[in-house]
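Structure first, then comments.
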Amino acid sequence: MLSIETIRNETDRVKKSIADRGLTGGIDRIIEMDLRRRELIAETDMLRARRNEVSGRLGRSKEKPPELISEMREVGSRIKQLEGDLRDVVAEYDSLLLDVPNIPEADVPVGDDDSHNIVVKTVGAPPDFSFDPKPHWELGESLDIIDFRRAVKLAGSRFYIFKGKGATLQRALITWLLDTHVSEFGMQELYVPHMVTREAATGSGQLPKFADTMYHDEEDDLWMIPTAEVPITNIHADEILEPGVLPLKYVAHSPSYRREKAAAGRDTRGIKRVHQFEKVEMFRFTEPEGSPAALNEMVADAEELCSRLGLHHRVLLQCTGDLGFASIKTYDIELWAPGSGDWLEVSSVSNCTDFQARPAKIRYRAEEGARPQLAHTLNGSGLGIPRTLIAIMENCQQADGSIVVPEVLRPYTGFDVIGPAS
RNA sequence: GGAGAGAUGGCAGAGCGGACGAAUGCGCCGGUCUCGAAAACCGGUAUGGGGGCAACCUCAUCGUGGGUUCGAAUCCCACUCUCUCCGCCA
């Protein structure tokens, strides 16, 4: 959520940023509602002040003049009426406000879609195969480490079963990632709920806009997380963090649940786009001055992980048309998958500034006794598991169809190769 | 799932229809005293909204949402959460 002050004082900049994203927004209507809102507040506050004053007097004196009491009765019902009006105005105002995206940073390229994202860095080179590399779905089935057919029987399309060394490889990857984040990158590990309340999903900006992308339990009104970002964002909701607490650097492994309705028919083979997948999520709470540097550090950490796995990758700066709703600037990290001939987004690192902190009321004091102000939040994958596994399988495949496990993972897997016999 | 108790400021805890945004204690900040510290004493110490260039004025908030009343932390209703006991359970 943007602040109303920003919308009021920098209306043109806000409008331009919405247009740059290829969206249209009800900014004028918001300003209108804001005006109406303040009028109503001023009027009710005046009446309430009058009522407080008279009631106070009435309480102190023995006399209870009936004409004053009946006047106050009227004032009371007028207040009630105005409160109803205000509620309606605020309801529309709030929902419009929640619909306004964050303002992209000045150096974010303007563009309609991901074809305008800018490659800022490429690391390594595609592997040099003396044979035709296979896509991971073929490798997975021939090595008997992924079972698509039976997963569909259990849960429908876009689900999968990892078997044997495939399942072990995934577990090894998750553990290695967490260990590296914790012991080398200085993050604190979290384990979080996989379902959250409506309020929490609203706090991180998922609801109401993206309701149809989430799985939802009607009975308890709980929402299955599409990313650990949702619960982590809300950890410090409604808190005022004491001086010196920031920055907070968290990492969490969790499953992510996504309907993928918008992508119906796309990437239907393999495990690139699925309804349930594991992810290791990086998350930081910082002071406003610290968020740009934190963004760079998080990108560097994610990249470092790709490098240590020995995977050819590139870093892209998202253009305005591709940029997430809450973000002012996002870098994507993509791994090359030679078997499917595709770049795979394994991390998307975003600076959300105070956009999530505002509705969630995540505040801090810069120093003892200072006025609370909004913290900044940043999130990014470190890394998305299935796509990283795709890259490992396709990059590390051998002529005989086996897969050589990246060296850093071997202490965790306990084997070096996934061969046909597994 | 059943029975009971509870939810008040950073913490502990009083208040149970009017002078209560809230006693008191602790903590924290500032001051006096001291070479310095401790103790003692004095003062200050919530968050958010609206108006104002500002000083400042004003409104709201005692778990949440309604209700009664001229007036609600206090009375009524619903909900949420926490704790204790019983049952069930990975």
Side-chain angles (χ1 to χ4, degrees), chain A residues 1-9 30-98 191-203 207 216-223 231 234-246 248 254-255 285 354-375:
Chain A
M1 196 166 89
L2 287 181
S3 78
I4 186 62
E5 286 78 17
T6 303
I7 291 174
R8 226 188 271 151
N9 302 331
I30 292 175
I31 290 175
E32 198 181 312
M33 289 289 101
D34 174 46
L35 224 60
R36 179 82 187 116
R37 181 181 71 95
R38 285 185 291 156
E39 274 168 21
L40 285 168
I41 288 171
E43 194 177 347
T44 40
D45 279 3
M46 254 170 53
L47 289 173
R48 278 202 271 245
R50 165 87 180 139
R51 181 175 68 183
N52 288 346
E53 192 259 323
V54 173
S55 295
R57 249 191 304 138
L58 239 38
R60 262 172 270 122
S61 76
K62 297 203 173 55
E63 326 242 316
K64 313 282 178 202
E67 65 276 9
L68 260 187
I69 289 188
S70 77
E71 187 203 331
M72 285 308 103
R73 215 188 304 248
E74 263 169 56
V75 167
S77 63
R78 177 74 184 138
I79 289 173
K80 207 153 281 179
Q81 187 191 334
L82 289 169
E83 279 171 347
D85 295 351
L86 185 62
R87 226 194 317 275
D88 294 344
V89 168
V90 167
E92 185 184 346
Y93 167 84
D94 277 346
S95 82
L96 286 170
L97 217 48
L98 285 171
Y191 174 83
V192 295
H194 299 168
M195 288 171 258
V196 297
T197 61
R198 176 179 293 274
E199 292 69 37
T202 306
L207 292 178
H216 177 220
D217 169 57
E218 294 281 342
E219 195 172 355
D220 296 314
D221 197 21
L222 287 173
W223 299 74
N234 286 283
I235 286 178
H236 298 292
D238 264 309
E239 290 185 18
I240 299 173
L241 302 165
E242 290 307 320
V245 172
L246 297 178
L248 287 165
S254 85
F285 296 88
D354 59 8
F355 192 85
Q356 297 177 316
R358 183 167 293 107
K361 298 191 182 67
I362 305 161
R363 293 159 297 172
Y364 77 99
R365 283 185 221 278
E367 49 198 87
E368 203 66 53
R371 247 215 317 291
Q373 51 184 314
L374 294 168

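Proteins come first, then strands; the chains are lettered A, B, ... in the order of their sequence lines, and each starts at number 1. The basis for the numbers below is simple: all heavy atoms, side chains too, and nothing from hydrogens, waters or symmetry mates.
- Interatomic distance, A/Ile240 CD1 to A/Arg371 CZ, rounded to the nearest 0.5 Å: 12.0 Å.
- Across residues 79-87 of chain A, A/Lys80, A/Arg87 each have a non-hydrogen atom less than 4.0 Å from an atom of RNA chain B (numbered order).
- Remark: A/Met72 CE is packed, more than 12 non-hydrogen atoms of other residues, nucleotides or ligands lying under 6.0 Å away.
- Within a 6.0 Å radius of CD in A/Glu63, no more than 12 heavy atoms belonging to other residues, nucleotides or ligands are found.
- Summarising the geometry, the separation between CE on A/Met1 and P on B/G48 is reported as 14 Å, rounded to the nearest angstrom.
- With pairs defined as Watson-Crick or G-U wobble and both atom distances under 3.5 Å, the stems of at least three pairs that touch RNA chain B come out as B:1-7 with B:80-86, B:10-12 with B:24-26, B:27-32 with B:40-45, B:46-51 with B:56-61, B:63-67 with B:75-79.
- Comparing the same atom, P, in B/A73 and in B/C89 gives a spacing of 47 Å after rounding to whole Å.
- OP1 and OP2 of B/U58 both lie 4.0 Å or more from every side-chain N or O belonging to A/Asn52.
- Residues meeting the side chain to side chain contact (heavy atoms under 4.5 Å, CB included) test with A/Arg36, sequence neighbours left out: A/Glu39, A/Leu40, A/Val89.
- Between B/U61 and B/G71, the two P atoms lie 13 Å apart (nearest whole Å).
- In this structure, A/Trp223 and A/His216 have parallel ring planes: the angle between them is below the 30° cut-off, well short of the 60° mark.
- Judged by distance alone, with hydrogens and angles left aside, the side-chain atoms of A/Asp354 form no donor-acceptor pair with the main-chain N or O of A/Leu374 at under 3.5 Å.
- Atom P of nucleotide B/G10 and atom CZ of A/Arg363 are separated by 11 Å, given to the nearest angstrom.
- If you check every strand for non-hydrogen atoms under 4.0 Å, A/Arg50 touches nothing.
- Across the protein-nucleic acid pair, A/Glu199 atom CD and B/G63 atom P stand 18 Å apart, rounded to whole Å.
- A/Glu367 CD: 12 or fewer foreign heavy atoms inside a 6.0 Å radius.
- Nucleotides B/U8 and B/U47, compared at atom C1', are 15 Å apart to the nearest Å.
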### Task
Could you encode protein contacts along nucleotides 14-20 of chain B as a string, one character per nucleotide from 5' to 3', using B for base contact, S for sugar-phosphate-only contact and - for no contact, with a heavy-atom cut-off of under 4.0 Å?
----B--

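- Applying the ring pair (Phe, Tyr, Trp, His ring centres under 6.0 Å) rule to A/Phe355 yields the partners A/Phe325; only residues at least two apart in sequence or on another chain are considered.
- Shortest non-hydrogen contact noted between A/Arg358 and A/Leu2 is NH1-C, 3.3 Å.
- Under the side chain to side chain contact (heavy atoms under 4.5 Å, CB included) criterion, A/Ala366 pairs with A/Tyr364, A/Gln373, not counting sequence neighbours.
- Identified under the salt bridge (charged side-chain N to carboxylate O under 4.0 Å, His left out) test for residues 69-81 of chain A, with sequence neighbours left out: A/Glu43-A/Arg78, A/Arg50-A/Glu71.
- Separation of the C1' atoms belonging to B/G4 and B/U58 is 44 Å when rounded to the nearest angstrom.
- B/U80 atom P lies 13 Å from atom CG of A/Leu222, rounded to whole Å.
- Rounding to the nearest 0.5 angstrom, the gap separating the CZ atom in A/Arg51 from the OG1 atom in A/Thr44 is 10.5 Å.
- Atom P of nucleotide B/C11 and atom CD of A/Glu239 are separated by 11 Å, given to the nearest angstrom.
- Spacing between atom CD1 of A/Ile240 and atom P of B/G9 amounts to 13 Å, rounded to whole angstrom units.
- Between A/Leu241 and A/Leu248, the closest side-chain pair of non-hydrogen atoms falls below 4.5 Å.
- Atom CD1 of A/Ile79 sits about 12.5 Å away from atom CG of A/Leu86, to the nearest 0.5 Å.
- The side-chain hydrogen bond (donor to acceptor under 3.5 Å, both in side chains) check on A/Ser3 picks up A/Thr6, with sequence neighbours excluded.
- Residues in residues 83-95 of chain A take part in these side chain to side chain donor-acceptor pair (under 3.5 Å) pairs, two or more places apart or across chains: A/Arg29-A/Glu92, A/Arg48-A/Glu83.
- The base of B/G49 sits within donor-acceptor range of the side chain of A/Asp45, with an N or O pair under 3.5 Å.
- Comparing B/C16 with B/A54, their P atoms are spaced 41 Å from each other, to the whole Å.
- A residue-by-residue look at A/Glu53 and A/Pro372 shows that A/Pro372 has its nearest nucleotide of RNA chain B further toward the 5' end.
- Sorted by residue number, the members of residues 31-44 of chain A with any non-hydrogen atom under 4.0 Å from RNA chain B read A/Arg37, A/Arg38, A/Ile41.
- Contacts between residues 67-77 of chain A and RNA chain B, counted as heavy-atom distances below 4.0 Å, involve A/Ile69, A/Met72, A/Arg73.
- Every residue two or more places apart in sequence or in another chain that forms a side-chain hydrogen bond (donor to acceptor under 3.5 Å, both in side chains) with A/Arg37 is listed here: A/Asp34.
- Between A/Arg51 and A/Arg48, the one whose closest nucleotide on RNA chain B sits nearer the 5' end is A/Arg48.
- If you measure from atom CG of A/Asp238 to atom C1' of B/G9, you get 15 Å, rounded to the nearest angstrom.
- For B/C75 and B/A5, the P atoms lie 15 Å apart once the distance is rounded to whole Å.
- Spacing between B/U74 and B/G15 at atom C1', rounded to whole Å, works out to 8 Å.
- Here, B/C76 and B/A60 have their P atoms 23 Å apart, quoted to the whole Å.
- Separating the CD1 atom in A/Ile7 from the CG atom in A/Leu97 is a distance of 4.5 Å, to the nearest 0.5 Å.
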